[in-house]
Amino acid sequence: QLTVYCTWKNNGCQWIDQRSLLEEHISVCSFGTVACSNRGCSVDVIKTDLQQHVEMLCDFRAVECSYCKEPVVFGNLNAHTTMCPKVPVSCPNDCGSGETISREDLASHMEICPRKVVACSIVGCTFKVYFNICNFACVVARDQHVYWDAFVTVGLATRSGHTHRNITATSLVQHQR
């Protein structure tokens, strides 16, 4: 009988035997190629390399997003990270919240951000002030008013029937209405 090499010789198989045994050998040869089992991948991989390809090398393998813990296709991980709602982001107002705000909570944070710039609450005043957590940034005093660009500290006090947090004034600005 005729002696032949394995069809997968170029992949590293060193089998040589009778031609009549070739088909049987090919069905179990570990140097044969198989399609990657990851959805979307069309790569044929040598059987001995399949596990490493599927679990570690394939761009179509599923990985867990380290922020939202959802499965993501590895090749899409960077794009996912730019939209993931759980990714920590910095406040665009640079209020000092640092990396503690998740993208999904940023809109809510922006509503109460102490560095949010809002119009003065005094009717007719065009002065812009930083939003203050106590929601009482301007105080009327005859024909002028005062605003505090303040940092909130611990403790509560009441004034004019409103509840205010004690504040440490970092700047006190008076201006004419």
Within 6.0 angstrom of K86 NZ, more than 12 heavy atoms from elsewhere:
no
Hydrophobic side-chain clustering at under 4.5 Å (ILVMFWY, transitive links): who's grouped with I16? Put none if nobody.
Y5
Side-chain hydrophobic cluster, 4.5 Å single linkage: members besides V72
V63, F74, L77
If a pair satisfies ring-ring contact (aromatic ring centres under 6.0 Å, His included) and one of its residues is in residues 32-52, list it, with sequence neighbours excluded.
none
Sequence neighbours excluded, every pair satisfying ring-ring contact (aromatic ring centres under 6.0 Å, His included) that has a member inside residues 12-71:
W15-H25
Derivation and outcome, salt bridge (Lys or Arg N to Asp or Glu O under 4.0 Å), residues K116 and E111:
CA-CA 8 Å; K116 173 183 173 182; E111 291 297 316; 3.8 Å; yes
Do side-chain atoms of R103 reach the backbone of P88 as a donor and acceptor pair under 3.5 angstrom?
no
Please determine, by modelled atom types, if N78 and T81 share a side-chain donor-acceptor pair under 3.5 angstrom.
no
Who passes side-chain hydrogen bond (donor to acceptor under 3.5 Å, both in side chains) against T7, sequence neighbours left out?
none
Flag the pair V45 / T33 as yes when at least one side-chain heavy-atom distance between them is below 4.5 Å, and no otherwise.
no
Determine, using the 4.5 Å side-chain heavy-atom cutoff (strictly less than), whether L2 and I26 are members of one ILVMFWY cluster.
yes
ILVMFWY network linking W8 to V4, side-chain heavy atoms under 4.5 angstrom
yes
Sequence neighbours left out, what passes side-chain contact (heavy atoms from CB on, under 4.5 Å) with S37? Give chain and number order.
V54
Show, in sequence, the C-alpha distance, side-chain angles and deciding distance for C91 and C113, and conclude whether the side-chain contact (heavy atoms from CB on, under 4.5 Å) test is met.
CA-CA 8 Å; C91 174; C113 178; 3.6 Å; yes
Roughly how far apart are D94 CG and S90 OG, rounded to 0.5 Å?
8.0 Å
Any salt bridge between R61 and E55, counting N to O under 4.0 Å?
no
